[in-house]
Amino acid sequence: MTVATWLVIDATLDTVVWAGALPGGDAASGELARMLCERGAAACAAHPRRGEGPVGWPPVDDELDIELDDEELAFVLHRLDEALGSARSLAEAEHLPPSVRAEQRRSVELLVDTRAWLAAE
């Protein structure tokens with residue numbers, strides 16, 4: 001997958017890690033998300049062009065070798081769906097400033113594209 005695709009997944013999983021650490025949070029999901037994030041970080045560390053893209057990552061168009069088994073793929077797709085629902089709600093929230101709604105519309109686009117790519121794999 002591309003670095004850009006992984007960065008959307010990584011950001012989504014970071015939220016799952018954080019939520020899993022909260023009192024009453026889903027610790028098992030948080031642990032799986034943490035493990036997947038670490039796999040991405042290891043792929044970044046091994047990449048010959050690490051540091052040439054955003055915040056230490058390789059360029060966004062470069063490929064990262066990150067394998068997901070069927071269970072992990074289902075987990076990531078489910079988490080992307082959850083994030084997509086939240087982003088859509090925020091994008092439509094009239095009480096939020098236009099700039100925030102615009103950011104959330106961009107998040108929706110990124111999540112939809114990432115989910116479509118993963119589902120096709």
Does the side chain of [Y] come within less than 4.5 Å of [X]'s, by heavy atoms?
X	Y	answer
Asp61	Val3	no
Val16	Leu32	no
Leu111	Thr12	yes
Leu13	Phe75	yes

Is a donor on one side and an acceptor on the other found under 3.5 Å between the side chain of [X] and the backbone of [Y]?
X	Y	result
Arg39	Glu67	yes
His47	Asp62	no
Arg50	Ala45	yes
Glu63	Met1	yes

For the hydrophobic clusters of this structure (ILVMFWY residues joined by side-chain heavy atoms under 4.5 Å, transitively), does one cluster hold both Leu80 and Ile66?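 Yes; tracing contacts between hydrophobic side chains, which count when under 4.5 Å, links both residues.
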
Tell me whether Arg106 is salt-bridged to Glu109, with the criterion being a basic N under 4.0 Å from an acidic carboxylate O.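 Salt bridge: yes.
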
Sequence neighbours left out, cut at 3.5 Å: what donor-acceptor pairs do the side chains of residues 83-101 make with other protein atoms?
residue: Ser86; atom: OG; partner: Glu82; partner atom: O; Å: 3.4
residue: Ser89; atom: OG; partner: Gly85; partner atom: O; Å: 3.2
residue: Arg101; atom: NH1; partner: Leu96; partner atom: O; Å: 2.4

Taking only residues two or more places apart in sequence, or in another chain, which ones meet Thr2 in a side chain to side chain donor-acceptor pair (under 3.5 Å)?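 So Thr2 forms a side chain to side chain donor-acceptor pair (under 3.5 Å) with Thr5.
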
